[in-house]
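The structure under discussion appears below in the form of structure tokens.
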Amino acid sequence: MGAKVSLIIFLTLLIASCSAKRKPYTPCKSLVLFFHDIIYNGNNAANATSAIVAAPEGGNLTKLAGQFHFGNIAVFDDPITLDNNLHSKPVGRAQGFYIYDTKTTYTSWLGFTFVLNTTDHQGTITFAGADPIMQKTRDISVTGGTGDFFMHRGIATIMTDAFEGEVYFRLRVDIKFYDCWSY
Amino acid sequence: MGAKVSLIIFLTLLIASCSAKRKPYTPCKSLVLFFHDIIYNGNNAANATSAIVAAPEGGNLTKLAGQFHFGNIAVFDDPITLDNNLHSKPVGRAQGFYIYDTKTTYTSWLGFTFVLNTTDHQGTITFAGADPIMQKTRDISVTGGTGDFFMHRGIATIMTDAFEGEVYFRLRVDIKFYDCWSY
Amino acid sequence: MGAKVSLIIFLTLLIASCSAKRKPYTPCKSLVLFFHDIIYNGNNAANATSAIVAAPEGGNLTKLAGQFHFGNIAVFDDPITLDNNLHSKPVGRAQGFYIYDTKTTYTSWLGFTFVLNTTDHQGTITFAGADPIMQKTRDISVTGGTGDFFMHRGIATIMTDAFEGEVYFRLRVDIKFYDCWSY
């Protein structure tokens, strides 16, 4: 009788693990990180971490374009920190690009990678997706990872934590992995 | 005896669910959508939904470059419709960029997101991949999703449904999700 | 007794297959390919396979920018070969873009697709991620595939196999798929 009960428990657990993709979903790993973007404006070469490299007709490379910056592409290599302080010790770099892609509001499209290199985290996390900047929180896809984040996938919730004019902005990124290939 | 048979059936079903990744594959969700791209050419600012923002040496930002537009990057915010009518009520926006990347034929590379916002669909679908434009149908990867498309992956089959000169084109996108994380 | 042992073996195998995502991971498919990039420099139009299409302020489109090429975007359509010989018969094309994204060392961000079209391989493989060029090997994410690589995911290890000045470089790409949806 005891054996039968054990078998039932065992099979129940087995089913649970096999159907791990059914809801409700809880992240298998979470991370909260900040990154800091300082756009080159012609006068801040020493501090700038990003640069406008493409602009629509009539635009230039030291000032974001009119019409909600539509058509600008910026390339960045931004410090990542554990808190919201630009001067905290970086735990890695956020590297990639963003595109301003709407004429009627601020939205961007992001393709970038977190390159983490600390005792806690070694590896990369790659993100892609639309960023409707004016919304308080917005979700983008985590499409891949390497190292400690080998084959991971998930969702990142982005918040604009602060900004100063058109030169500095800080994003808070809540990364939730739902597909972890743990070692 | 009955218990034994039940167990066998039970285990068979269990195995079937565990090896769900074996063929034949049927989509767990499908969508057919159209999007409409009107490239800015210097004279259509009011209607244009996309703009050339980068060009090879000798190119400019109001006319696609020679050599099969090799080297042009366009940024877009295109309306998505349920049918092939540009003037149908949009169900969302296709936002991102395309690159013309061959000198000997028309091919592009796409990175973009469908941002859907209707009573039927709330969420984003992100695409990436090569688009050999001259082929009747071509497949690109659906690399991620959010909202109703939480963690989804799949394949999108793209068809050029219509085009007018170098200013307007309409794409039909048959999205087939094979990895659905249903709520 | 024998039946019991069989059941235990059976269940053990079942668990093993259900928890296939536990380590150690062995690839379900592997490929080693090379691709060859010849950047347009103003004098090599006939041979060039890529072109600079965006540059930071002060840069131009026939010479990679100072400061470790920070801010350059190049678009490419490079031949893929099975060995390290530029003149071997191509098995496909590597199409997409790279961005130089750091001011203090050579790093880039890659978004590209292998379009393979041989008797051995028909389909596409899409890559995205950071490429810290100065490291001997670096891993990027394989975010999707089509055709023979339907829904595949994996990791690609990139090595700079050779380079000549700022005009030619050859990358060796060891692709390891860990998620194969075999037909």
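Chain identifiers are assigned alphabetically (A, B, ...) following the order of the sequence lines, protein sequences preceding nucleic acid strands; residue numbering begins at 1 within each chain.
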query = Are the side chain of Tyr40(A) and the backbone N or O of Pro56(C) linked by a donor-acceptor pair below 3.5 Å?
reply = no
query = Non-hydrogen atoms of chain C under 4.5 Å away: do they reach the side chain of Thr126(A), the backbone, both or neither?
reply = side chain
note = Taking a cut-off of under 4.5 angstrom between non-hydrogen atoms, the residues of residues 61-88 of chain C near chain A are Phe70(C), Gly71(C), Ile73(C)
request  = Hey, could you give me the CD/CD1 distance between Glu57(C) and Ile52(A), rounded to the nearest 0.5 Å?
outcome  = 9.5 Å
note = So, the part of Ala55(C) with a heavy atom under 4.5 Å from chain A: the answer is backbone
query = To the nearest 0.5 Å, how far apart are CZ in Arg153(C) and CG in Asp179(A)?
reply = 6.0 Å
query = Aromatic rings Tyr178(C) and Phe150(A): how do their planes relate, parallel, tilted or perpendicular, breaks at 30° and 60°?
reply = perpendicular
inquiry  = Suppose a student defines contact as a heavy atom less than 4.5 Å from any heavy atom of chain A. Which residues in residues 94-112 of chain C would they list?
reply    = Phe97(C), Ile99(C), Tyr100(C), Asp101(C), Thr102(C), Lys103(C), Thr107(C), Trp109(C)
request  = To the nearest 0.5 Å, tell me how far Ser141(C) OG sits from Phe149(A) CZ.
outcome  = 11.5 Å
